[in-house]
A.B. asks: 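Sending over a structure as structure tokens; questions will come in a sec.
Side chains are part of it too, since the values below use all heavy atoms of this structure and drop only hydrogens, waters and symmetry mates.
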Number of protein chains: 2
Amino acid sequence: MIIGQRNRLQYIILGLLNQRPQTGYDLAKAFENEIGEFWQAQHSQIYPMLKRMETSGDITHEDTVTGEKLAKKQYSLTPAGHAKLVAWVSEPSPELSATKDEFILKLYFIKTAADPRLQPMLQEQAVLHRAQLAHLKQRRETVFPNQTAIDQAYGHYLILDHAIGREQYYVDWLEKFLR
Amino acid sequence: MIIGQRNRLQYIILGLLNQRPQTGYDLAKAFENEIGEFWQAQHSQIYPMLKRMETSGDITHEDTVTGEKLAKKQYSLTPAGHAKLVAWVSEPSPELSATKDEFILKLYFIKTAADPRLQPMLQEQAVLHRAQLAHLKQRRETVFPNQTAIDQAYGHYLILDHAIGREQYYVDWLEKFLR
DNA sequence: TAAAAACATGTAATTAATTACATGTTTTTC
DNA sequence: GAAAAACATGTAATTAATTACATGTTTTTA
């Protein structure tokens with residue numbers, strides 16, 4: 001039997017559907033927003049995966065209609081899917097995170113601090129990451145205005161906090177080398 | 001004409017070969033070590049890419065033999081390849097880095113601070129990231145023992161510094177939530 | 001000196017992921 | 001009321017990446 005790649009996407013979808021039944025479109029939004037800092041998936045990857053997961057018996061869907069005829073599929077977990085999710089969360093995560101950062105790699109190929117390309121490159125990234133940091137902070141303010149909100153979605157708070165700290169570090173690091 | 005995916009791997013290989021002629025094996029090591037924090041590629045991806053790049057005229061190779069018969073291919077840049085590298089480094093990098101972190105995603109699905117799984121999960125990751133941090137610091141000590149070493153491979157120093165700071169943040173963040 | 005680890009190069013099979021193609025509805029904004 | 005944006009779902013084509021298969025040499029270690 002072939003084990004194949006880990007198919008982590010399915011687990012993430014299980015986790016998202018466990019929070020509440022959702023459409024593929026909703027899931028795609030989640031990958032752009034709250035979890036996009038830590039995992040990415042397009043709708044073209046999500047819709048086929050949903051079909052596959054329904055075939056496996058981990059999720060089911062209910063057809064609904066918005067307005068006159070806009071068809072939606074509201075997916076939710078089966079008990080089997082829920083069990084799979086619980087097992088995944090509980091098992092160890094021995095792999096360090098994988099980051100792909102094209103900018104940092106370009107820096108690697110800059111040989112001296114005097115290279116005229118260096119400062120503009122750092123400047124460009126600073127603009128980008130400051131904007132991202134501001135955006136994440138803004139989101140924390142709106143999503144978690146008080147302790148009650150934090151307590152009700154603690155995991156979400158944790159990862160947003162992590163993402164903000166990470167961006168803050170990135171900006172600080174860039175500024176350390178900016179003149 | 002189809003534009004296709006960005007094929008960043010080729011540029012990274014160009015950059016590595018620009019430092020010094022290397023074999024595919026050497027390149028695979030680089031992806032495990034100095035740049036592995038920011039890009040990953042296995043030898044099974046590297047060898048075919050080298051052939052492709054040689055066909056495109058960006059690199060060439062020289063056959064050498066170690067010992068009695070161990071054949072090696074020492075790849076190096078052609079002028080065309082060098083030009084391609086320079087163009088890549090100079091062009092903007094408007095995309096934020098992409099991170100895939102399975103552990104953080106698991107946290108997202110933890111609903112309350114009282115969940116009994118939370119502390120062991122944080123603990124496990126702390127062990128992992130402390131080890132990684134120690135490893136990176138150790139490498140900085142050996143690779144960059146003095147200012148001269150830094151000046152001679154500034155880009156390398158920059159990205160190692162970035163990776164250390166990032167790991168330090170990760171550990172600090174984990175410890176913030178550990179009791 | 002035998003075994004293990006590291007060096008060295010490839011291909012095959014499979015899965016993951018992106019980009020493009022394709023279509024239609026509902027809501028919001030000007 | 002028209003246009004734009006957002007909602008909604010899919011497939012096709014292609015590229016990227018991983019895992020497994022496959023083989024052999026050289027160096028280091030016990």
Side-chain angles (χ1 to χ4, degrees), chain A residues 1-13 21-33 35-36 38-56 59 61-75 95-96 98-100 102 105, chain B residues 1-13 21-33 35-36 38-56 59 61-75 95-96 98-100 102 105:
Chain A
M1 188 224 167
I2 297 139
I3 290 163
Q5 280 168 254
R6 301 257 281 88
N7 189 7
R8 296 192 195 70
L9 178 58
Q10 85 177 296
Y11 298 112
I12 298 162
I13 290 175
Q22 288 181 80
T23 66
Y25 188 87
D26 295 331
L27 295 173
K29 286 278 148 209
F31 280 98
E32 280 171 26
N33 300 316
I35 61 172
F38 302 102
W39 207 273
Q40 302 82 40
Q42 274 71 43
H43 78 272
S44 58
Q45 203 184 353
I46 292 165
Y47 287 115
M49 182 60 74
L50 286 170
K51 294 210 163 174
R52 217 174 117 189
M53 289 167 73
E54 187 160 40
T55 305
S56 317
I59 60 176
H61 82 268
E62 198 180 331
D63 290 303
T64 61
V65 173
T66 299
E68 288 299 295
K69 43 183 165 171
L70 184 61
K72 292 190 198 188
K73 293 182 182 177
Q74 208 79 21
Y75 285 93
E95 282 151 55
L96 290 164
T99 301
K100 296 216 162 170
E102 189 173 9
L105 280 179
Chain B
M1 187 224 169
I2 297 139
I3 291 165
Q5 283 170 251
R6 301 256 282 89
N7 190 8
R8 295 192 195 69
L9 179 58
Q10 87 178 292
Y11 299 112
I12 299 162
I13 290 175
Q22 289 181 81
T23 66
Y25 188 86
D26 294 331
L27 295 173
K29 286 278 150 206
F31 280 99
E32 279 171 27
N33 300 315
I35 61 172
F38 302 103
W39 207 272
Q40 302 83 40
Q42 273 72 44
H43 77 274
S44 58
Q45 204 183 352
I46 292 165
Y47 288 115
M49 183 60 74
L50 286 169
K51 296 212 161 172
R52 217 175 116 188
M53 290 167 73
E54 188 160 37
T55 305
S56 316
I59 60 175
H61 82 270
E62 198 181 327
D63 289 305
T64 62
V65 172
T66 298
E68 287 299 293
K69 44 182 165 176
L70 185 61
K72 292 190 197 187
K73 293 183 182 175
Q74 210 78 18
Y75 285 93
E95 280 151 56
L96 291 165
T99 301
K100 296 213 162 173
E102 189 173 6
L105 280 180

A.B. asks: Round to the nearest Å and state the distance from B:Lys100 atom NZ to D:dA17 atom C1'.
C.D. replies: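 After rounding, the gap between these two atoms is 11 Å.
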A.B. asks: Using a 4.0 Å heavy-atom cut-off across all strands, classify A:Ala71 as base, sugar-phosphate, or nothing.
C.D. replies: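 Contact class for A:Ala71: sugar-phosphate only.
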A.B. asks: It should be established whether B:Lys51 places a side-chain nitrogen or oxygen under 4.0 Å from OP1 or OP2 of nucleotide C:dT9.
C.D. replies: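 Checking B:Lys51 against C:dT9: no side-chain N or O falls below 4.0 Å of OP1 or OP2.
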A.B. asks: Looking at D:dA3, which nucleotide sits across from it as a Watson-Crick or G-U wobble partner, both distances under 3.5 angstrom, or is there none?
C.D. replies: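 Matched D:dA3 with C:dT28 under the 3.5 Å cut-off.
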A.B. asks: Of all the choices, D:dT11, D:dC7, C:dT9, which nucleotide is nearest to the side chain of A:Leu70 once you look at every atom?
C.D. replies: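 Output: D:dC7.
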A.B. asks: If you apply the rule salt bridge (Lys or Arg N to Asp or Glu O under 4.0 Å), what do you find for B:Lys29 with B:Glu32, and how did you get there?
C.D. replies: CA-CA 5 Å; B:Lys29 286 278 150 206; B:Glu32 279 171 27; 3.5 Å; yes
A.B. asks: Nearest whole Å is fine: how far is D:dC7 C1' from A:Glu32 CD?
C.D. replies: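 Atom-to-atom, A:Glu32 to D:dC7, this comes out as 12 Å.
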A.B. asks: Under a 4.0 Å N-O cut-off, is there an ion pair linking B:Lys73 with B:Glu54?
C.D. replies: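 A salt bridge is absent here (no side-chain N lies under 4.0 Å from a carboxylate O).
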A.B. asks: Now, which nucleotide makes the Watson-Crick or G-U wobble pair with C:dA22, with each of the two distances under 3.5 Å?
C.D. replies: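 Base partner found: D:dT9.
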A.B. asks: Could you check how far CZ of A:Arg52 sits from P of D:dT11, rounded to whole Å?
C.D. replies: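 So the CZ-P distance, A:Arg52 to D:dT11, works out to 14 Å.
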A.B. asks: Once you round it to whole Å, what is the distance between P of D:dC7 and CD1 of A:Ile46?
C.D. replies: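 These atoms are roughly 14 Å apart.
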A.B. asks: Between C:dT26, D:dA6, D:dT26, spot the one nearest the side chain of A:Tyr25, thanks.
C.D. replies: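 The listed nucleotide nearest to A:Tyr25's side chain is D:dA6.
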A.B. asks: Can you name the nearest heavy-atom pair linking A:Ile59 to A:Leu50, along with the distance?
C.D. replies: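 That closest heavy-atom pairing would be CD1-O, 3.5 Å.
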A.B. asks: Does the base of C:dT19 carry an N or O that pairs as donor and acceptor with the side chain of A:Ser44 under 3.5 Å?
C.D. replies: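 Side chain to base: pair found, below 3.5 Å.
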A.B. asks: Is the phosphate of D:dA6, meaning OP1 or OP2, less than 4.0 Å from a side-chain N or O of A:Lys29?
C.D. replies: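 A:Lys29 to D:dA6 OP1/OP2: no side-chain N or O under 4.0 Å.
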A.B. asks: Which heavy atom in B:Tyr47 sits nearest to a heavy atom in B:Tyr25, and how many Å separate them?
C.D. replies: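 Closest pair (atom of B:Tyr47, atom of B:Tyr25, distance): OH-N, 3.4 Å.
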A.B. asks: Write down the distance between CZ (A:Arg8) and P (C:dT15), rounded to a whole number of angstrom.
C.D. replies: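 Distance, rounded to whole Å: 15 Å.
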A.B. asks: To the nearest Å, how far apart are B:Glu68 CD and D:dT26 C1'?
C.D. replies: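 The distance from CD of B:Glu68 to C1' of D:dT26 comes to 11 Å, rounded to the nearest Å.
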A.B. asks: Between the side chain of A:Gln40 and the main-chain N/O of B:Thr99, is any donor-acceptor distance below 3.5 Å?
C.D. replies: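 Side chain of A:Gln40 to backbone of B:Thr99: a pair is present.
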A.B. asks: By nearest heavy atom, map A:Gln45 and A:Lys69 onto DNA chain C; which one lands nearer the 5' end?
C.D. replies: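 Going by which nucleotide is closer to the 5' end, it is A:Gln45.
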A.B. asks: If you check every side-chain atom of A:His43, which of C:dA20, C:dG10, D:dA17 has the closest atom?
C.D. replies: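 Comparing C:dA20, C:dG10, D:dA17 against the side chain of A:His43, the answer is C:dA20.
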A.B. asks: Distance check needed: C:dT11 C1' versus B:Leu50 CG, whole Å only.
C.D. replies: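 Interatomic distance, CG of B:Leu50 to C1' of C:dT11: 15 Å.
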A.B. asks: What's the CG-P distance between B:Asp26 and C:dA6, to the nearest Å?
C.D. replies: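 Value for this atom pair: 15 Å.
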A.B. asks: So which nucleotide from D:dG24, C:dT18, D:dT9 ends up closest to the side chain of A:Gln42?
C.D. replies: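 Per side-chain heavy atoms of A:Gln42, the pick is C:dT18.
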A.B. asks: Check the phosphate of D:dT9 against A:Tyr47, side-chain N and O only, distance under 4.0 Å to OP1 or OP2. Yes or no?
C.D. replies: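 Affirmative; the distance criterion is met.
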